[in-house]
Asks: 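Pasting a structure here, questions to come.
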Amino acid sequence: MKELQRYLLLEFPVKLKALKARSKRQFGEMSVIEMLDHLRKAFLLSYNETQAEITSPEEQLPKLQAFLASDKPIRPGAKAPKVYGEIPANKEDFEEMKYLLLKEMVAMLAYFDKHPDFTKVHPIFGELNVEQWLQMHKKHTEHHLRQFGIE
């Protein structure tokens with residue numbers, strides 16, 4: 001789990017710094033600002049009071065959770081869960097959005113640190129523990145960085 005925390009605290013911010021307001025989208029439909037807000041929402045949804053329903057068939061959950069622990073990337077074209085629409089969008093300027101994203105990530109990590117036995121439902125992957133949430137965020141941030149050409 002420390003490796004996942006290390007990625008989010010040390011590697012992800014460096015990669016995020018390489019992202020520019022004018023970075024060209026390689027796939028998908030989101031603008032850079034929309035993608036940053038999407039990631040902010042993902043961090044927030046992983047620990048706040050918003051509840052999600054599982055949309056994946058129950059028999060697929062073990063396979064989906066195994067995917068989180070694998071090295072396989074999220075495929076381009078994957079759709080955001082509908083629960084993201086329940087969080088108000090934020091349309092700040094580019095640098096402010098990066099700041100708000102990192103602020104939400106740090107708040108999530110602090111919450112997970114204080115609540116190591118925390119679990120919460122992810123609409124696609126089902127009931128996740130802290131380590132699984134961190135795995136999901138690593139995959140998710142890597143996916144969206146690749147969306148804008150950041151490896």
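Only a predicted model underlies this, so the values are computations on that prediction, with no experimental measurement involved.
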Asks: For residues Ser46 and Tyr111, is any side-chain donor paired with an opposing acceptor at under 3.5 Å?
Replies: no
Asks: Please confirm whether His143 and Phe27 have ring centers closer than 6.0 angstrom.
Replies: yes
Asks: Please name the pair of heavy atoms, one in Ser56 and one in Leu61, separated by the smallest distance, quoted to 0.1 Å.
Replies: CB-CD2, 4.0 Å
Asks: Report the residue from His115, His122, His140 that forms a ring-ring contact (aromatic ring centres under 6.0 Å, His included) with Trp133.
Replies: His122
Asks: Rounded to the nearest 0.5 Å, what separates atom CD in Glu3 from atom CD in Glu131?
Replies: 9.5 Å
Asks: So, using side chain to side chain donor-acceptor pair (under 3.5 Å) as the criterion, who are the partners of Lys138 when residues are at least two apart?
Replies: Glu142
Asks: Between Phe12 and Tyr7, what is the ring plane arrangement, given parallel below 30°, perpendicular above 60°, and tilted in between?
Replies: tilted
Asks: Go through the structure and list residues passing side chain to side chain contact (heavy atoms under 4.5 Å, CB included) with Gln51, not counting sequence neighbours.
Replies: Lys120
Asks: Specify the closest pair of heavy atoms between Lys20 and Lys17, including all atoms of both residues, with the distance to one decimal.
Replies: NZ-O, 3.4 Å
Asks: Under the 3.5 angstrom rule, does the side chain of Thr119 hit a backbone N or O of Leu128 as a donor-acceptor pair?
Replies: no
Asks: Evaluate side chain to side chain contact (heavy atoms under 4.5 Å, CB included) for Phe125 paired with Leu68, printing each intermediate quantity in order.
Replies: CA-CA 8 Å; Phe125 299 107; Leu68 288 179; 3.8 Å; yes
Asks: Under 6.0 Å from the six-membered ring centre of Phe67 and within 45° of its axis: does the NZ or CZ of Lys139 meet both?
Replies: yes
Asks: Is it the case that the side chain of Arg6 and the backbone of Leu10 share a donor-acceptor pair, with hydrogens and angles ignored and the cut-off at 3.5 Å?
Replies: no
Asks: Check Glu127 against Gln132 and note the closest heavy-atom contact, atom names and distance.
Replies: O-OE1, 3.9 Å
Asks: Is Gln26 reaching over with its side chain to a backbone N or O of Lys24, donor-acceptor style, under 3.5 angstrom?
Replies: yes
Asks: Within a strict 4.5 Å, meaning less than it, do heavy atoms of the Leu39 and Glu34 side chains meet?
Replies: no
Asks: So does His137 get a backbone contact from the side chain of Thr141, meaning a donor-acceptor N/O pair under 3.5 Å?
Replies: yes
Asks: What closest approach, in Å, do Ile33 and Asp93 show between heavy atoms, and which atom pair accounts for it?
Replies: CD1-C, 3.8 Å
Asks: Say whether, by atom type as modelled, one donor and one acceptor occur between the side chain of Arg40 and the main chain of Phe43 under 3.5 angstrom.
Replies: no
Asks: For Lys103, check side chain to side chain contact (heavy atoms under 4.5 Å, CB included) against everything at least two apart and list the hits.
Replies: Tyr99
